[in-house]
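I have placed the structure first, in the form of structure tokens, so that the comments after it can refer back to it.
Position 1 is the first residue of the sequence, and the numbers go up from there.
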Amino acid sequence: LKRESRRQARIAKEEAEVGAQQRKDEIKLAVQEALDEGFPTDLEEKEAYFMSQIAQGEGLAADGSDPVGAALCFYKGLKVY
């Protein structure tokens, strides 16, 4: 019984580590895609882009369904600020 408990704990720990690594890879990929996409350079375009990304990020954060997407929107908005 004790051996089974330790085995289950080890399996759960390994699954958590794999999940965390996948999450990190997903975030790195999303940031790289944002950088590849580019950012506006005109002052008025920057302001509009900033406002749209922050609004979209706030909507996603309030919804709570996609925290990585919300963080990415905030990152993109603040990148041009």
Side-chain angles (χ1 to χ4, degrees):
L1 184 63
K2 197 173 189 180
R3 185 181 304 161
E4 181 67 24
S5 175
R6 282 186 281 184
R7 187 175 74 77
Q8 287 178 350
R10 182 175 43 84
I11 289 171
K13 182 180 177 185
E14 289 173 359
E15 288 175 355
E17 289 174 357
V18 168
Q21 184 62 39
Q22 288 176 342
R23 187 88 171 186
K24 287 179 185 178
D25 292 341
E26 178 186 343
I27 291 170
K28 286 180 183 178
L29 179 64
V31 169
Q32 187 60 44
E33 287 176 359
L35 292 174
D36 292 343
E37 183 180 298
F39 299 99
T41 55
D42 183 47
L43 185 59
E44 291 177 7
E45 290 176 3
K46 279 184 177 183
E47 184 177 348
Y49 185 80
F50 170 78
M51 295 303 289
S52 70
Q53 290 299 315
I54 297 300
Q56 186 177 1
E58 287 176 346
L60 289 173
D63 183 19
S65 62
D66 187 15
V68 174
L72 184 61
C73 288
F74 287 124
Y75 170 78
K76 289 162 76 174
L78 291 174
K79 181 76 175 171
V80 299
Y81 185 67

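By the criterion of side-chain heavy atoms lying less than 4.5 angstrom apart, applied directly or through intervening Ile, Leu, Val, Met, Phe, Trp or Tyr residues, F50 is not grouped with L43; the two fall into different hydrophobic clusters. If you chain together hydrophobic residues whose side chains sit under 4.5 Å apart, L35 and L78 fall into the same group.
The shortest non-hydrogen separation linking T41 to K46 is O-CE, 3.7 Å. When all heavy atoms of F39 and A34 are compared, the pair lying nearest together is CZ-O, 3.8 Å. When all heavy atoms of V68 and I27 are compared, the pair lying nearest together is CG1-CG1, 4.1 Å. D63 approaches S65 most closely through the heavy-atom pair OD2-OG, 2.8 Å. Residues A61 and A70 approach most closely at N-CB, 3.7 Å, considering heavy atoms.
Taking SG from C73 and CG from L60, the interatomic distance works out to 5.0 Å, rounded to the nearest 0.5 Å. For the atom pair CD of E26 and CG of L72, the computed distance is 10.0 Å after rounding to the nearest 0.5 Å. Annotation: the span from Q56 atom CD to F74 atom CZ amounts to 10.0 Å, rounded to 0.5 Å. Distance CD1/I11 to CD/E14: 7.0 Å, rounded to 0.5 Å.
Side-chain contact between V80 and E47: absent, with no pair of heavy atoms (C-beta onward) separated by less than 4.5 Å. Counting heavy atoms from C-beta outward, R7 and R3 have side chains that stay 4.5 Å or more apart.
Checked against side chain to side chain contact (heavy atoms under 4.5 Å, CB included), E37 has the following partners two or more places apart in sequence or in another chain: Y49, K76. Among residues two or more places apart in sequence or in another chain, the side chain to side chain contact (heavy atoms under 4.5 Å, CB included) test is passed with D42 by E44, E45.
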